[in-house]
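One structure is given below, encoded as structure tokens.
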Amino acid sequence: MRPLLLATALTLATAAPLAASQDSRLPDIGSSAGELLTPARQAEYGGMMLRELRNYGYLLEDPLVSDWLQTMGNQLGADSDNPQQSYTFFMMRDRQINAFATLGGYIGMNAGLVLTAEREDEVAAVLSHEIAHVTQQHVLRGVERAQRDQIPILLGMLGAIVLAQAAGGSSSGDASQAAIASAMGLMQQRQIDYTRSNESEADRVGIRTLARAGYDVDAMAGFFARMAQATRSSRGSERDRVPDYLQTHPVTTTRISEAQQRAEQMRKDNVTLVTTTPGGARVEQFNPRAITLPEVRSDNPLLPVPVTLPTGMFDRGNSGQFGWARERLRALSAPTPSLAVREYETIRRDTGKPLSDAQRYGLAVAHLQVGSGRAARTELQQLAAEHPDNLWIELTLGEAESRAGEHAAANRRFDALLQRLPQHRAVALTYAKVLNEQGGREAGVRAQAVLRPMLGKSGDDPVFQQHFARANELAGDIARAGEAYAEAAYLNGRPEQALIQLQNLKRQSDLDYYARARVDARIAAITPEVLELRRQGIRDPDVERR
């Protein structure tokens with residue numbers, strides 16, 4: 001029964017955006033979409049889906065990759081048509097080319113899409129498209145339309161089946177099958193019609209967001225064209241050879257042409273603005289008529305009059321981290337670490353060229369995963385000399401040093417990084433992970449100190465909760481460790497396990513007043529969810545086996 005919950009969540013995530021949208025040419029006057037599900041309920045469904053995906057191990061929750069994706073997504077979201085909408089971006093470890101948006105601003109991307117992209121602008125183009133599905137309420141309207149359409153179509157199908165059965169004879173079964181097929185065909189056709197409308201609108205709105213955020217507007221058409229090539233190469237084979245992204249986001253020559261035309265029109269409308277930054281002169285493309293940017297008031301006394309300037313004019317767009325992110329994903333998304341190492345050997349053999357610096361980094365990550373800390377450290381030390389102050393390299397080098405037994409050197413490196421980047425999520429989580437691996441009370445106390453400043457904003461972060469739980473366990477704070485372990489279980493899609501852990505923790509006689517109050521509050525919050533799952537016949541199999 002447990003997979004039913006995940007199937008329901010994934011249906012909302014992948015099918016609903018295809019189902020419905022009002023025609024993009026019409027204004028949204030009096031839409032009932034917002035009445036179907038409140039924003040709070042939408043966020044609840046999105047959170048449920050995310051926890052279920054974690055439960056089945058589909059997510060790739062690496063701090064460096066997650067922060068790169070979330071930062072890029074937040075930048076695009078802030079420049080979207082609805083900057084007030086909150087977004088949660090997450091990476092799936094699957095290497096199929098796919099991305100999707102679902103209720104509550106939850107947007108998922110497969111590792112395979114990043115591995116297929118050639119530059120960050122293309123990843124941003126896909127994210128901006130998915131963000132447009134959220135801002136235009138395609139997901140929400142899809143749920144609403146599905147509810148409206150399915151009842152009359154299914155009633156019509158039922159009527160046809162009744163008439164066919166009443167006719168009797170051997171043909172009644174065939175007639176019933178024909179009625180079902182006809183109704184399903186009608187539903188599918190209506191879904192396709194609205195899919196085209198949604199996709200066109202998401203492309204149009206998304207490319208505007210892409211431009212506002214400072215990315216290359218040609219990236220959308222470029223990525224679509226490469227996906228179309230993937231479709232042609234799969235033609236005549238089984239459907240599952242076609243990338244999932246193409247099944248849910250059909251690419252046509254018309255769609256590619258429209259994206260190219262939009263990009264060309266934006267370039268024609270733009271004026272060239274030359275600006276000087278601390279790093280030197282740079283050309284910026286900006287047109288206040290074509291692209292509306294948020295504005296800030298400047299009262300610089302050096303200017304003759306107060307002026308209003310667009311925000312984000314500097315240091316926007318490509319982060320320069322794409323190569324490192326893609327190769328780290330390649331190493332972490334491989335079926336096994338040893339296969340990741342062999343993949344880089346294959347790349348080197350097939351290209352006949354040395355690995356790029358980013359690929360060397362990915363190979364070092366693969367060596368680290370396979371347990372070759374010294375091999376990883378050697379490669380990373382060379383890269384660190386060639387790319388000083390590169391956070392991706394420095395964090396991974398610190399891990400490699402610790403795995404190689406050089407704990408003092410690793411900790412000095414992490415302390416320096418933490419001083420330079422206080423409360424940086426990837427730095428803090430990686431350092432805590434290393435300290436927990438080193439073990440001992442002293443390491444646990446240090447990991448507590450590293451993580452504690454992030455406690456207030458990490459309630460829904462299972463990676464944080466897991467590391468915080470282990471740090472408290474090593475430091476001897478068993479009650480706090482128990483709370484964090486229970487929270488990690490809940491966020492990983494195991495609410496029943498979390499409830500049992502909290503109930504056991506509450507029985508401890510040495511629990512102080514504040515800890516007991518926190519435990520009681522979480523029990524009260526989680527119990528209704530567990531009862532509802534039980535009512536539906538969904539039980540945690542690990543709990544049932546106890």
Side-chain angles (χ1 to χ4, degrees), residues 2 5 40-41 43-52 54-55 61 63 86 88 104 422-423 425 428-429 431-433 435-536 538-546:
R2 187 62 187 253
L5 185 60
R41 289 292 287 173
E44 184 179 332
Y45 279 121
M48 176 194 73
M49 182 205 68
L50 192 62
R51 293 193 295 273
E52 284 298 297
R54 286 195 190 108
N55 181 38
E61 295 190 283
S86 63
T88 299
Q423 296 191 40
R425 179 176 179 271
L429 291 180
Y431 191 9
K433 174 186 174 185
L435 289 166
N436 288 338
E437 288 175 352
Q438 292 174 9
R441 187 178 186 282
E442 184 179 347
V445 170
R446 179 57 184 148
Q448 279 181 317
V450 169
L451 294 174
R452 195 171 285 115
M454 300 171 56
L455 188 59
K457 57 183 179 181
S458 301
D460 59 350
D461 185 345
V463 179
F464 172 90
Q465 296 294 345
Q466 194 69 35
H467 291 329
F468 191 58
R470 178 56 178 160
N472 280 285
E473 187 176 23
L474 290 173
D477 192 342
I478 303 304
R480 199 62 161 164
E483 290 181 68
Y485 276 129
E487 202 61 39
Y490 174 77
L491 293 170
N492 282 308
R494 296 298 179 92
E496 198 164 356
Q497 288 188 22
L499 187 59
I500 291 172
Q501 291 177 29
L502 289 168
Q503 289 170 340
N504 290 336
L505 184 60
K506 187 179 177 180
R507 296 190 186 101
Q508 293 186 11
S509 59
D510 58 345
L511 210 62
D512 65 36
Y513 171 82
Y514 298 103
R516 192 172 297 279
R518 289 194 304 268
V519 170
D520 283 339
R522 289 307 290 151
I523 288 175
I526 295 173
T527 297
E529 184 173 333
V530 172
L531 291 175
E532 176 61 22
L533 290 173
R534 288 178 180 175
R535 189 184 68 80
Q536 297 178 20
I538 301 171
R539 297 296 300 266
D540 190 318
D542 292 337
V543 172
E544 287 187 323
R545 282 194 290 266
R546 292 177 181 175

Partners meeting salt bridge (Lys or Arg N to Asp or Glu O under 4.0 Å) with R535 (sequence neighbours left out): E532

For L511 and A479, work out which heavy atoms get closest and say how close. CD1-CB, 3.5 Å

Over all heavy atoms of both residues, which pair between S458 and Q465 is shortest? Give the atoms and the distance, please. O-NE2, 3.3 Å

Side chain proximity check, Q508 to L505, heavy atoms < 4.5 angstrom: yes

Under the side chain to side chain contact (heavy atoms under 4.5 Å, CB included) test, which residues partner T527, sequence neighbours left out? L499, I523, L531

Pairwise side-chain contact, L455 with R480, heavy-atom cut-off 4.5 Å (strictly under): yes

Residues passing the salt bridge (Lys or Arg N to Asp or Glu O under 4.0 Å) test with E44, sequence neighbours excluded, are R41

Residues that E473 engages under salt bridge (Lys or Arg N to Asp or Glu O under 4.0 Å), provided they are two or more places apart: R470

With sequence neighbours excluded, tell me which residues meet side chain to side chain contact (heavy atoms under 4.5 Å, CB included) with Q423. P453, K457

Over all heavy atoms of both residues, which pair between V519 and L502 is shortest? Give the atoms and the distance, please. CG1-O, 3.6 Å

For the student: nearest non-hydrogen atoms of Q448 and A475, plus distance: OE1-CB, 3.2 Å

Donor-acceptor under 3.5 Å (N55 side chain, R51 main chain): no

Please determine whether side-chain hydrogen bond (donor to acceptor under 3.5 Å, both in side chains) holds for the pair E529 and Y490, giving the CA-CA distance in whole Å, both sets of side-chain angles, and the decisive distance to 0.1 Å. CA-CA 11 Å; E529 184 173 333; Y490 174 77; 2.9 Å; yes

Run the salt bridge (Lys or Arg N to Asp or Glu O under 4.0 Å) test against D461 and tell me which residues pass, sequence neighbours left out. R425

Side-chain contact test, heavy atoms from C-beta onward, threshold under 4.5 Å: evaluate it for L429 versus V450 and give yes or no. no

Applying ring-ring contact (aromatic ring centres under 6.0 Å, His included), can you list everything that pairs with Y431, at least two apart in sequence or on another chain? F414

Tell me, please, which residues at least two apart from E496 pass side-chain hydrogen bond (donor to acceptor under 3.5 Å, both in side chains). R534, R539

Expected output: side-chain R441 to main-chain G476 donor-acceptor under 3.5 Å: no

Sequence neighbours excluded, which residues qualify as side chain to side chain contact (heavy atoms under 4.5 Å, CB included) partners of A447? A432, L435, N436, A471

Taking all atoms of both residues into account, what is the closest heavy-atom pair of Q497 and R494, and its distance? NE2-NH1, 2.8 Å

Output all residues satisfying side-chain hydrogen bond (donor to acceptor under 3.5 Å, both in side chains) with E437, sequence neighbours left out; order by chain, then residue number. R403

Tell me, which pairs form a salt bridge (charged side-chain N to carboxylate O under 4.0 Å, His left out) where one or both residues lie in residues 512-522, sequence neighbours left out? E483-R518, E487-R522, K506-D520

Could I get the full list of side chain to side chain contact (heavy atoms under 4.5 Å, CB included) partners for Q466, not counting sequence neighbours? Y485, A488

To the nearest 0.5 Å, what is the distance between CG on N472 and NE2 on H467? 13.5 Å

